[in-house]
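Here's the structure, in structure tokens; my notes come after.
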Protein chains: 2
Amino acid sequence: MKFSTKGRYGLRAILDMAIYQNSGPITLNSIAERQGLSEGYLEQLMAPLKKSGIVKSIRGAQGGYILAKQPKDITTGEIIRALEGPIAPVGCVSEDYPEECERAEGCVTRMVWAKVRDSIAVTLDSLTLQDLVEESKKQTEKGHYMYYI
Amino acid sequence: MKFSTKGRYGLRAILDMAIYQNSGPITLNSIAERQGLSEGYLEQLMAPLKKSGIVKSIRGAQGGYILAKQPKDITTGEIIRALEGPIAPVGCVSEDYPEECERAEGCVTRMVWAKVRDSIAVTLDSLTLQDLVEESKKQTEKGHYMYYI
DNA sequence: CTAAATCCTTATCGAATTAATAAGGTTTCT
DNA sequence: AGAAACCTTATTAATTCGATAAGGATTTAG
């Protein structure tokens, strides 16, 4: 039961953007360097993030990516869903198109998974990028360098 | 971000046992039949469940498995951990032996994952097998046959 | 107008994980 | 003694994951 590197790296990348956004677009190259991630892999993460309206891209020289919304209006849930798909600890309780199952109606274990799904969703949806930026500032003041993982 | 069939099938198997326990051990064969699972695969699930003190086995003819504790004293968290390992949406926040990470100290995204881990753990740990048995009775009264998935 | 910087897309590949089966062994009851 | 059941390990096919590669498209700067 793990999130893949898509969600993990993607969240780091977006937080990186939120922290370093001040003037002009941010290149994948600079994110990759700061975060120790591969630029090629980051490129693949940007496609769904763009599609979900979380980032915008600016092509050409001096181009890069910018956040499409204010950090306070972007939740971690949004980011994770863009990268990992709907939250679904098991297929039959997927947020989007749950898998069919003959006896889903009276299924007791299914209720367990639905509760798990909801608890994950509530947690991720109640955290905004702004929250993370502020936490990051606190940590920097404490002398800790940066988020990782 | 999915639980594997180990956790899903295992939870069904244990709930099946809780419902059908009355006198004498329950054979894997009968669980497999009722639940539509393969007996061979169930065998593999029983090893860790036994090791975790959730079930006991009785060997030989007329043998089978019985719950090692009362349903009210078995949580879904226990069962899932026995089968899937420690709850850990990402390695660095594993309940058991979190993976090392240079900058774990000031890591902001790590805090996100820790919250996710805790919300899953609280959900699973606050549900007992007894709760599921009762829910199952309710569902049966409503005319729904059984849990599945 | 050309070169460089950057985003964009698709293909490929090895490694790891998963789900399941198979096969044979051990224990205990009748 | 033989059958019923648990027990353990090995194997395998399929899938997913993480990453790299390669080449294309767009825009800016000079």
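Each chain gets a letter, A, B and so on, in the order its sequence line appears, and its residues count up from 1.
The phosphate of C:dT21 has OP1 or OP2 within less than 4.0 Å of a side-chain N or O from B:Ser38. Residue B:Tyr65 has no polar side-chain atom (N or O) positioned under 4.0 Å from OP1 or OP2 of D:dA5. Using a 4.0 Å cut-off, some side-chain N or O of B:Ser4 falls inside it from OP1 or OP2 of C:dA19.
In terms of polar N and O atoms assigned as donor or acceptor, the side chain of B:Glu43 never comes within less than 3.5 Å of the base of D:dC6 in a complementary pairing.
B:Arg8 places a side-chain N or O within 3.5 Å of a backbone atom of B:Phe3 that can act as its donor or acceptor partner.
Listed nucleotides D:dC6, C:dT21, D:dT20 differ in distance to B:Glu39; the shortest reach to its side chain belongs to D:dC6. Here the nucleotide nearest the side chain of A:Thr5, chosen from D:dA19, D:dC7, C:dA20, is D:dA19. Taking the side chain of B:Ala61 as heavy atoms from C-beta on, and the options D:dC6, D:dA3, D:dT20, the nearest nucleotide is D:dA3. When distances run from any side-chain atom of A:Leu28 to the nucleotides C:dC7, D:dT20, D:dC6, the shortest one goes to C:dC7.
In this structure, the CG atom of A:Leu37 is 18 Å from the P atom of D:dC17, given to the nearest Å. A straight line from CD of B:Gln44 to C1' of D:dC6 spans 14 Å, rounded to a whole angstrom. Taking atom OH on B:Tyr41 and atom P on D:dC6, their separation rounds to 18 Å, with Å as the unit. Going from atom CZ of A:Arg8 over to atom C1' of D:dA19 covers 14 Å, rounded to whole Å. One atom, NZ of B:Lys6, and another, P of C:dA19, lie 8 Å apart when rounded to the nearest Å. C:dT18 atom P lies 14 Å from atom CE of B:Met1, rounded to whole Å. Here D:dG18 presents its C1' atom at 18 Å from CZ of A:Phe3, a figure rounded to the nearest Å.
Hydrophobic cluster membership is shared by A:Ile26 and A:Leu67, with clusters built from Ile, Leu, Val, Met, Phe, Trp and Tyr side chains linked at under 4.5 angstrom. Cluster membership for A:Leu15 and A:Ile66, using ILVMFWY side-chain heavy atoms within less than 4.5 angstrom, is not shared. Placement of B:Tyr20 and B:Leu129 within a single hydrophobic cluster is found when ILVMFWY residues are connected by side-chain heavy-atom separations under 4.5 Å, directly or transitively.
The environment of A:Lys56 atom NZ is sparse: at most 12 non-hydrogen atoms of other residues, nucleotides or ligands sit within 6.0 angstrom.
Across all strands shown, B:Ile26 has heavy atoms under 4.0 Å from sugar-phosphate atoms exclusively, and none from any base. Within 4.0 Å (heavy atoms only), A:Gln62 reaches sugar-phosphate atoms of the nucleic acid but no base atom.
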- Item | side chain to side chain donor-acceptor pair (under 3.5 Å) evaluation trace for B:Glu99 with B:Ser94 | CA-CA 7 Å; B:Glu99 285 164 16; B:Ser94 173; over 6 Å; no
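Of the residues in residues 45-60 of chain B, those placing a heavy atom less than 4.0 Å from an atom of DNA chain C are B:Arg59, B:Gly60, in numerical order.
Between B:Ile120 and A:Ile120, some side-chain heavy-atom pair lies under the 4.5 Å cut-off. Residues B:Val112 and B:Lys115 have side chains not in contact (no heavy-atom distance under 4.5 Å, counting atoms from C-beta outward). Considering only heavy atoms from C-beta on, B:Val122 stays 4.5 Å or farther from A:Ser119 through its side chain.
Classified by interplanar angle (parallel below 30°, tilted 30° to 60°, perpendicular above 60°), the ring pair A:Tyr41/A:Tyr9 is perpendicular.
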Just the atom pairs and distances: protein N or O near nucleotides 14-17 of chain C's N or O, under 3.5 Å.
none

